[in-house]
Protein chains: 4
Amino acid sequence: MDTARIPGTTGEIPRSSAAESARRGRPRSEEADRAILSAATELLAERGLGGMSMEEVAARAGVGKTTVYRRWPSRGALALDAFLTEFQEQQPLPDTGTLHGDLLAALRGWTRSVTRTPAGRMLAGLIAEAQRDPALGAAWRDRVIEPLRARHTIMLDRAIERGEIRADVDKDVVLDLLFGPAYHRLLNGHRPLTDRFARQVVDLIVAGLSADEPA
Amino acid sequence: MDTARIPGTTGEIPRSSAAESARRGRPRSEEADRAILSAATELLAERGLGGMSMEEVAARAGVGKTTVYRRWPSRGALALDAFLTEFQEQQPLPDTGTLHGDLLAALRGWTRSVTRTPAGRMLAGLIAEAQRDPALGAAWRDRVIEPLRARHTIMLDRAIERGEIRADVDKDVVLDLLFGPAYHRLLNGHRPLTDRFARQVVDLIVAGLSADEPA
Amino acid sequence: MDTARIPGTTGEIPRSSAAESARRGRPRSEEADRAILSAATELLAERGLGGMSMEEVAARAGVGKTTVYRRWPSRGALALDAFLTEFQEQQPLPDTGTLHGDLLAALRGWTRSVTRTPAGRMLAGLIAEAQRDPALGAAWRDRVIEPLRARHTIMLDRAIERGEIRADVDKDVVLDLLFGPAYHRLLNGHRPLTDRFARQVVDLIVAGLSADEPA
Amino acid sequence: MDTARIPGTTGEIPRSSAAESARRGRPRSEEADRAILSAATELLAERGLGGMSMEEVAARAGVGKTTVYRRWPSRGALALDAFLTEFQEQQPLPDTGTLHGDLLAALRGWTRSVTRTPAGRMLAGLIAEAQRDPALGAAWRDRVIEPLRARHTIMLDRAIERGEIRADVDKDVVLDLLFGPAYHRLLNGHRPLTDRFARQVVDLIVAGLSADEPA
DNA sequence: TCGTAACCGAGACGGTACGTCTGGTCTTTTT
DNA sequence: AAAAAGACCAGACGTACCGTCTCGGTTACGA
């Protein structure tokens, strides 16, 4: 995934006036960065976002609280970066040759990440936190949702090129139909997120997209 | 809607040994009930679930915290009841004669509730809270998600009876495809929840369901 | 000493609107009062006022920080009460029959308290703290300095009655001459606070007071 | 006053191994010295010692914190030098021809300095700080108290030479009787530091010293 | 003229304590 | 026996300074 960490996006606090080429003062410790992120990741996996306090992150990382706040302005911003460190690159951009294959691979990749790794818990916690922290909500859209959608849009573009689906299809709606049900089950937990479920969703979407084709 | 408040479901605390016909002591004040619920509803609408503290609910209702906790075991449980008071009955069970009409009416009813009333904010806040409070998650499923699904299943049963769709369709998947995308947009806010969006979703689902029909 | 703790003086926070005879709600725990005061006294004796943090007082007393702040609004106010608990009653009101005997007993009582018990350290710390906290300064004057002066004034009144000194002597100045040098040595530490020193001070004051007598 | 700043006394940190005649490396900036001292003096006068943080001194002087700490090892040491810069030379060594005149001039000089210039606030703050920093306490005695006492002792020696007082008088006690009451009022603030007060103190001391004279 | 030593401003570092807030429980008196 | 009130313990919050450290860079001496 090419959403590599771009400093300054979530709440990443830029050093002074940015483009000042000769940075003054002691440089930020990269080791502290790593220690904080991995402490956050551990706590997130162990106890969920609610159980990840800045206090304990700092203590576990062997770092002062100011050192944490200097880098991340809020719990959510830190959790988001910890999540991305785990989650990024896990999401494949499949190219199987058919729309059905691509969508299925993408959806299964997602459902497996969230059911088999700590990413699911983190993801649910972050969406929850984003409901109360608008800044986190914006960062979440910009750094997670949109980059993933951009990648997945490519699958649809390829299907259009191949003539599998109409060129005027509303790709936003298709992507919401693909992932919305999965997020729904993850967050509400009313039914399990199985491979079979993923296939059924994809079957129906592909059938629906093909239905109004000239045949 | 038949999800009328059934004491004991969310966490409703029963009076002593329940079936004891002749209750002793001072009866619970129904006015306190109302004052608490409406204070909670106000705060929820004004500031979202994050801004609704038990402390302030009690203060605004002119009631001791104990009185609140005697009735609702947690912030989430109270918020859930406040939400249901607002949301219940708002969700219609349409009967238009066609599957497409029914699904569209149901989805539009939902999207309008969440975009035009405080219900949307409450709903998002409750799903968020449910991520950190498993008991609330269970109550949410039992008192909101499942009753709604039961009602909506009726629409699919009628379509089967009419022969519009196959009898062996997986109704769970269809319902997740119907509402999942809408929840997705509500919680992530990446695209707006428009009437047009509702129609596109329903169009595609109905097309997909009809595709594998014999005729 | 009759400066028994008068609630409301230092910063003692009164319960609600004071004269409300029937106090409602859970009463303040007297055990918490005791635990906090004795934790404060211990820390004060061990490490001085600088080493007495509210954090540690609360921890050592097994009490929440709010419970401490509910009673004492600042570190200084708490320290002042802890000091009085130790110091009060230690200061005698001598009645030896002569001015010289009375002044000497009073001054020696004071110097012995401050040199042989933890009171000296507390006293020095409190005067220090009072320099930066005006509210504490006022409480210090009202609850320590003035009550002591009132008691000591009695010695001078008796001497006037006996005809040992003139009736128009400025008692404030005499008291400052009596205790000022001792405070000076305590706070600056440039010379020791010995019994001999006390006697020399008293000798000179009594001589000075008698000098302008008709004889 | 001849207590001109003697480097190395308070905590003044000498450059390398001191007597090495040919100092190598960049010399210390005298401008930084001045900027720091005057920033400290300003802050001390504005907000007292409690409001003078090393952080803000450095910022206001436009200097790195290291540069401050290289010169003064602690807040107290810096404050002491700032105080001396203000206070020194203000204290006269009177020579009026009589003990009474000398003592009165000396005491009034002191009380006027502390009541009419920022020196009083600084002095009180420094004595306070010295209670928690023993090194500062020692420096305070060595650089302020003792030099002043040495000067004032001269007044007593002259009185002995003139035969005004006995040669075996304990000069330490007399000086504590002279200044102790004034420090007492400054630090406790229970009574004002007036010229009248100074005269009353001096009157009584001189009377007391003369009493046991052969006459 | 070059190297080296000590300085410079800036600012990050690990810590401690602050005073506030809320959660959920407990203990009173009053109804 | 339930109500209202309010105290209880616990612990996270974000801030302010502490005194130390690490940068890139400057200034002056001695080789």
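Throughout, a chain's letter reflects where its sequence line sits, starting with A, and its residues are numbered from 1. The analysis underlying the following values was restricted to heavy atoms, covering all of them including side chains, and did not include hydrogens, waters or symmetry mates.
Residue C:Arg71 places at least one side-chain N or O under 4.0 Å from the OP1 or OP2 atom of F:dC8. The side chain of A:Arg70 contributes an N or O atom lying less than 4.0 Å from OP1 or OP2 of E:dC13.
Rounded to whole Å, atom C1' of E:dG24 lies 16 Å from atom CZ of B:Arg132. Rounded to an integer number of Å, the gap from C:Glu30 CD to F:dA7 P is 15 Å. One can place CH2 of A:Trp72 at 15 Å from P of F:dG14, the figure rounded to the nearest angstrom. Counting to the nearest Å, the C1' atom of E:dA10 and the CD1 atom of D:Ile36 are 14 Å from each other.
By the side-chain contact (heavy atoms from CB on, under 4.5 Å) test, A:Ala39 pairs with A:Val57, A:Arg60, A:Ala61, sequence neighbours left out. Every residue two or more places apart in sequence or in another chain that forms a salt bridge (Lys or Arg N to Asp or Glu O under 4.0 Å) with C:Arg75 is listed here: C:Glu129.
Smallest separation of non-hydrogen atoms from C:Met122 and C:Ala45: CE-N, 4.5 Å.
Taking only distance into account, the side chain of C:Arg26 meets the base of E:dC26 through a donor-acceptor pair shorter than 3.5 Å.
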Name the pairs: protein N/O against N/O of nucleotides 20-23 of chain E, kept only if under 3.5 Å.
from   : atom 1 : to      : atom 2 : distance (Å)
E:dG23 : OP2    : B:Met54 : N      : 3.2

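For C:Arg71 and C:Asp33, the salt-bridge test passes: some basic side-chain N is under 4.0 Å from an acidic carboxylate O.
Residues A:Ser74 and C:Gly64 both approach DNA chain F. Their nearest nucleotides, taken by heavy-atom distance, put C:Gly64 toward the 5′ side.
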